Amino acid sequence: MLSYQHIYHAGNLADVQKHALLAWVLAYLTRKDKPLSYVETHAGRGLYHLDAAEVIKTGEAAAGIGRAEREAWFGADHPLSLAIERTRARHGQTAYPGSPLIAANLLRKTDTLHFAELHPQEYAGLTDALKPYKAKAHRKDGFELAQSLLPPNPRRGMLLIDPSYEVKTDYDRLPGIIARLHRKWNVGVIALWYPILTDGRQKGMVEALKQQQLPKALCHEVQFPAVREGHRMVGSGMFFVNAPFGVGEEAARLETLFARL
């Protein structure tokens, strides 16, 4: 349950989809001069270096953010590009932000940020990465944190649920968890990331989410080649509740880019 470390997969194609949409939504939410809350249930260490041995070993970053940057998928004014630029200005040119640092670099001093992480080494890395920012790291189960914090103060904002899915029952539990959290916080943007696997185990979860008819629901999936022979992840999905206006256009643009792979 606590063995997953994202550094082996940091910057992969799933991250590109997830982080591009996350950055877009956060930039949209900050257009209003009103404070907001951001909560993340499975934060990881928050900061990665793409020249780390673990990253190079899998080659996933080279096929992911490396390719996206070589082919200029995101303009200099895209929120993901801004978050990467600000991270590298502080941590060097090999740095890559996980979702916590994307949020920390795009949100404002008036906003409130909470991150949950249980893995002891990942939590230690997260607390270190967040030192320059006004943000709170919690060594706590992410679903318990969300349950305790929602509805947050300020009430505007976003919740990102991004589990490793090492706990196989997550696929069965997540639709109910999201429905309960939405009932507690009906104005919040809730985003769930999930892998698309060759055995299709994510399909039942996605169908259950759709059947709940949650407001302004948006399901976005992209397909990509397995990073190596036998690798089971062949795509990436994001499910939004209260999806902001316009995010569907950014999602469609990403689909066009991923279709070139």
Side-chain angles (χ1 to χ4, degrees), residues 1-23 40-74 80-81 83-85 87-88 91-103 115 117-126 128-129 142 160-168 170-171 192-202 220-238 254-255 257-261:
M1 182 174 176
L2 296 176
S3 65
Y4 181 82
Q5 296 184 62
H6 190 63
I7 189 169
Y8 291 94
H9 314 290
N12 65 6
L13 285 165
D15 266 3
V16 172
Q17 182 226 15
K18 173 177 61 180
H19 291 163
L21 291 176
L22 170 64
E40 191 167 325
T41 61
H42 300 77
R45 68 182 65 177
L47 174 65
Y48 306 92
H49 285 276
L50 301 183
D51 60 350
E54 298 93 333
V55 177
I56 294 171
K57 179 180 180 179
T58 64
E60 293 185 30
I65 192 61
R67 178 168 182 169
E69 290 188 310
R70 290 192 303 272
E71 297 180 1
W73 283 20
F74 306 103
L80 178 57
S81 297
I84 292 173
E85 178 185 4
T87 300
R88 289 177 177 168
H91 299 285
Q93 287 304 302
T94 66
Y96 182 75
S99 47
L101 257 62
I102 290 173
F115 302 95
E117 178 54 51
L118 271 177
H119 190 290
Q121 284 76 38
E122 297 294 278
Y123 175 76
L126 177 65
D128 188 58
L160 175 63
I161 302 173
D162 178 22
S164 67
Y165 295 93
E166 283 187 303
V167 181
K168 303 302 186 242
D170 281 351
Y171 292 99
L192 169 71
W193 175 85
Y194 58 91
I196 296 175
L197 303 174
T198 52
D199 62 11
R201 71 180 62 179
Q202 77 286 343
H220 179 249
E221 296 185 348
V222 292
Q223 306 282 335
F224 45 77
V227 71
R228 52 191 170 275
E229 187 175 353
H231 195 61
R232 296 183 300 113
M233 188 168 71
V234 291
S236 176
M238 290 283 281
L254 285 172
E255 286 179 28
L257 292 166
F258 275 83
R260 301 174 186 172
L261 298 174

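Every value quoted in this text rests on a predicted model; they were computed, and no experiment measured them. Note that these values count all heavy atoms, side chains included, but never hydrogens, waters or copies made by symmetry.
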Checklist line | Closest heavy-atom pair and its distance - G46, L101 | finding: O-CB, 3.5 Å
Notebook entry, point to check: Any idea which heavy atoms bring I84 and I65 closest together, and the distance?
Noted result: CD1-CD1, 4.0 Å
Next item on the list: Classify the side-chain pair Y48/H9 by whether it contains a donor and acceptor separated by less than 3.5 Å.
Entry: no
Note to self: What I want to check is whether the side chains of R45 and Q5 have a donor and an acceptor closer together than 3.5 Å.
What the structure shows: yes
Margin query: Treating E117 as the side-chain partner and H119 as the backbone partner, does any N or O pair qualify as donor plus acceptor under 3.5 Å?
Written below: yes
Notebook entry, point to check: Ring centres of Y171 and Y165 under 6.0 Å apart?
Noted result: yes
Notebook entry, point to check: Would E60 and R228 satisfy side-chain contact (heavy atoms from CB on, under 4.5 Å), going step by step from the backbone distance to the final call?
Noted result: CA-CA 9 Å; E60 293 185 30; R228 52 191 170 275; 3.3 Å; yes
Notebook entry, point to check: Is a side-chain donor or acceptor of R232 paired with a backbone partner of L197 at a separation under 3.5 angstrom?
Noted result: no
Margin query: I'd like to know if R88 pairs up with E69 as an ion pair, taking the criterion as any Lys NZ or Arg NE/NH1/NH2 lying under 4.0 Å from an Asp or Glu carboxylate oxygen.
Written below: yes
Margin query: Keeping S236 on the side-chain end and V222 on the backbone end, is there a donor-acceptor pair under 3.5 Å?
Written below: no
Item checked: Residues in salt bridge (charged side-chain N to carboxylate O under 4.0 Å, His left out) contact with E85, at least two apart in sequence or another chain -> none
Next item on the list: Establish, from distance only, whether the side-chain atoms of E40 and S99 form a donor-acceptor pair under 3.5 Å.
Entry: yes
Check: So W73 and F258, would you call those rings parallel, tilted or perpendicular, with 30° and 60° as cut-offs?
Finding: perpendicular
Next item on the list: Classify the side-chain pair H6/E122 by whether it contains a donor and acceptor separated by less than 3.5 Å.
Entry: no
Next item on the list: Using the test salt bridge (charged side-chain N to carboxylate O under 4.0 Å, His left out), find all partners of R260 that sit at least two apart in sequence or belong to another chain.
Entry: none
